[in-house]
Amino acid sequence: MAEKVIICKDLTKQFGDFYAVNQISFEVAKGEIFGFLGANGAGKTTAMRILCGLSYPTSGEAIVAGFDVYRQQEDIKRHIGYMSQKFSLYENLTVLENIEFFGGVYGVSRKEIKERSDLLVKDLGLEREAKKLVSDLPLGWKQKLAFSTAIFHRPKIVFLDEPTGGVDPLTRRQFWDMIYEAASSGITVFVTTHYMDEAEYCDRVSVMVDGRVEALDTPNKLKETYGADDMDGVFYRLAMGAKRTGD
Amino acid sequence: MKQLFIFIRKEFYHVFRDKRTLLIMFGLPVVQIVLFGFALNNEVKNVELLIVDKAQDALSGQLTDKIRASAYFIVEEDPGMAYTAIEAKLKKGNTKSALIIPANFSDDLKHGGSAQVQIIADGSDPNVAKTIVNYLSRIIGDFQKQVFATPSIMPYTIVPEMRMLYNEEGNGSLNFIPGVMALILMIVCTALTSVSVVKEKEMGTMEVLLVSPFKPIMVLIAKAVPYLLLSIANFTLILLLTVFLLDIAIKGSILLLFLESTLFIITCLSLGLLISNVTASQQTALLICLMAMMLPTIIFTGFIMPLENMPKPFQVISNIVPSRWYFLIVKSVMLKGLGFQSVWKETLVLFGMAISLLFIALKNFKIRLQ
């Protein structure tokens, strides 16, 4: 069994008598692409926030990148990357300035920033745009750049919160190529999405319903279990049983 | 520390690439200083004065010359004008004021020891009229002293001497400058700071910053430092404009003025950070700054309307407006040339405000996303 980078046990987050996250338990292995699915309001974001060290759970345990979510939030933050559906780069900074800034915030040394950013710009084919403002880039490139920035400091885990929202299918495909590449280099990818075709790309998928993890397996096994042709069908059958509706 | 530096550098990129912010920051002081310094002037200069000298002798001539010699009046003389004609002239607005010297002026003065002159001023503009009457009374009083050079003649006369202290020339822009300083710093510091924080929330970059190991408190500090530096630069610009454009000398210690201003700037920045904590959009933040900051600043600072004339409740309210205290400090230090011992109370109040605002702002900063 590979090394576990995320371990959740009976993780619960309670707001008053409302259980946003209700005793969820799962493990994510190093280098795995873990799909975190669920309808709006199912508790995905709350769970992800706890794992990112942004909020404390009410009860249960969770270890992220080897650190405890109660006591070692700062250490967790240092070892994860994060990218949200909202565009997470500065529009009026150039490509290079953005990389320098986020690299610097994560404490990457100046020399390394220089080396890695040169490489990154070349990989992305952004040589000519490197000194241009990010606001001048097309959305697809911005998303790719945002992802590259999120893993620039070589985190153990990268959390992607609906990263491909509003992006065209071709760019989404390229985006997933980047995710595969990151995973093969050993970075664990924790991704939420509403696109069920993307769920098929994941190694394993969990589906949250009403604050609980209702299903967790590989996409193929899930399809088998629920007798569906695709992940769309699986998701539909699970989400049908939800009592809570979207936020 | 290195991270903080990187963050601050990023903030400077933002400011210098946003032409609008730069324009607000450095255009506003210029416009305000010019507006308040030149246009909004309540001093009285070059007022039309009609002198109707029925006496036409050496003494009345001396008085007329003396008035002429002052810079306040443009004198027009018409010894033969009838009283009704004078009134008609005032009514039409052809003159603002008139001084009538009766035919027996010199005789009365020499033999009776006292004489009468009549001053008529256009009361439809009461402030100007009052000032004109004051000026003329002073000139006539001076004249009286000259004529009776030997004090023994009038042993019991009490001569009131009026002086406009700290502003002997009656320079109107003087009083406005400290007010304008307070106003500009207030607007620039609070509005720009709050907008810069809220912008990150709107753009979604705040989320990324909060997930990063960069400490939330450091985010606020990194946001405040560039605006602190820019505000001090801004303050320097205002001072230069004041000294070189409006010809107003700084009487007190410039160092003290800078220190006090820095304290006020920190107060405003804290207020800006506080506003940014409780708002979610740039528009709301700006609106709060303009409505909740600008108006009270203008009204309760006391540079347009004297606080003493306000109803008691308003006077009490004015105490919580930081610019009110800063205004007092600048007036004392810059115009009166007073030292720290005269403004320590105001400084203490401002210091207290800065500390508590900063504390509340830091306390309320939402470390965890909603």
Side-chain angles (χ1 to χ4, degrees), chain A residues 13 15 45-46 48-56 67 72-94 96-110 113 133-135 146 149-150 152-153 155 157-162 165 247, chain B residues 1-25 192 195-223 225-227 230 277 280-282 364-370:
Chain A
K13 177 79 182 187
F15 296 105
T45 314
T46 312
M48 193 144 144
R49 234 160 243 177
I50 296 171
L51 297 180
C52 286
L54 286 177
S55 87
Y56 291 108
F67 301 104
Q72 296 168 302
Q73 288 194 330
E74 292 308 312
D75 295 303
I76 291 177
K77 285 178 175 180
R78 211 167 296 127
H79 291 92
I80 62 169
Y82 176 83
M83 178 190 167
S84 73
Q85 66 194 93
K86 267 195 191 170
F87 181 59
S88 44
L89 296 175
Y90 291 101
E91 297 264 352
N92 62 353
L93 256 54
T94 68
L96 278 179
E97 282 163 359
N98 263 298
I99 298 173
E100 270 169 32
F101 173 70
F102 284 108
V105 163
Y106 278 95
V108 182
S109 77
R110 189 180 290 259
I113 290 178
L133 295 187
V134 165
S135 55
T149 314
F152 188 79
H153 58 287
I157 309 162
V158 64
F159 288 87
L160 307 174
D161 191 4
E162 292 172 35
D247 45 1
Chain B
M1 219 46 223
K2 199 187 121 218
Q3 283 156 298
L4 190 64
F5 169 74
I6 289 169
F7 204 119
I8 291 172
R9 189 181 59 184
K10 184 212 78 165
E11 287 304 313
F12 273 111
Y13 284 143
H14 285 321
V15 174
F16 287 119
R17 278 177 201 167
D18 189 356
K19 297 286 176 290
R20 224 175 21 166
T21 309
L22 272 185
L23 196 70
I24 293 174
M25 189 132 213
L192 294 187
V195 165
S196 89
V197 177
V198 174
K199 203 175 188 171
E200 300 241 4
K201 283 198 212 172
E202 259 185 16
M203 298 293 292
T205 41
M206 189 57 92
E207 238 176 292
V208 183
L209 290 179
L210 293 179
V211 181
S212 82
F214 202 70
K215 294 220 171 31
I217 300 245
M218 297 296 256
V219 174
L220 283 193
I221 293 174
K223 282 276 167 197
V225 167
Y227 288 99
L230 284 169
N277 285 346
S281 78
Q282 293 182 59
N364 276 338
F365 185 64
K366 294 198 179 63
I367 300 169
R368 303 170 214 299
L369 291 162
Q370 286 301 306

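Sequence lines set the chain letters: A, B, ... in the order given, protein chains first and strands last, and positions in each chain run from 1.
The closest side-chain heavy-atom distance from F102(A) to V208(B) is below 4.5 Å. In this structure, the side chains of K10(B) and E97(A) stay at 4.5 Å or more apart for every pair of heavy atoms. You'll find the side chain of R9(B) stays beyond 4.5 Å of the side chain of F101(A), heavy atoms only. Counting heavy atoms from C-beta outward, T205(B) and L89(A) have side chains that stay 4.5 Å or more apart. Proximity of E207(B) to L54(A): side-chain heavy atoms (C-beta onward) are nowhere separated by under 4.5 Å. Taking 4.5 Å as the limit, every side-chain heavy atom of I6(B) sits out of range of all side-chain heavy atoms of E100(A). Taking the side chain as every heavy atom from C-beta outward, K77(A) and L210(B) never approach each other to under 4.5 Å.
Closest of all the heavy-atom pairs between E74(A) and P213(B) is OE1-O, 3.8 Å. Summarising the geometry of H14(B) relative to N92(A), their closest heavy-atom pair is ND1-OD1, 2.7 Å, with the distance given to 0.1 Å.
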**Asked** Do Q3(B) and Y106(A) pass the side-chain hydrogen bond (donor to acceptor under 3.5 Å, both in side chains) test, and can you show the C-alpha distance, the side-chain angles, and the key distance before you say yes or no?
**Response** CA-CA 8 Å; Q3(B) 283 156 298; Y106(A) 278 95; over 6 Å; no
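Ranking L133(A), V105(A), I76(A), T46(A) against chain B, the residue ahead of the rest is V105(A), based on heavy-atom pairs under 4.5 Å.
For a residue to count as touching a neighbouring chain, one of its non-hydrogen atoms must lie under 4.5 Å from one of that chain's; by this rule T94(A) touches chain B with backbone and side chain alike. Interface remark: S109(A) contributes backbone atoms only to the contact with chain B (heavy atom separation under 4.5 Å). Neither the backbone nor the side chain of L4(B) comes within contact range of chain A, judged by heavy atoms closer than 4.5 Å.
Here the CE atom belonging to M203(B) is positioned 9.5 Å from the OH atom belonging to Y90(A), to the nearest 0.5 angstrom. To the nearest 0.5 Å, atoms OH (Y13(B)) and CG (N98(A)) are separated by 11.0 Å.
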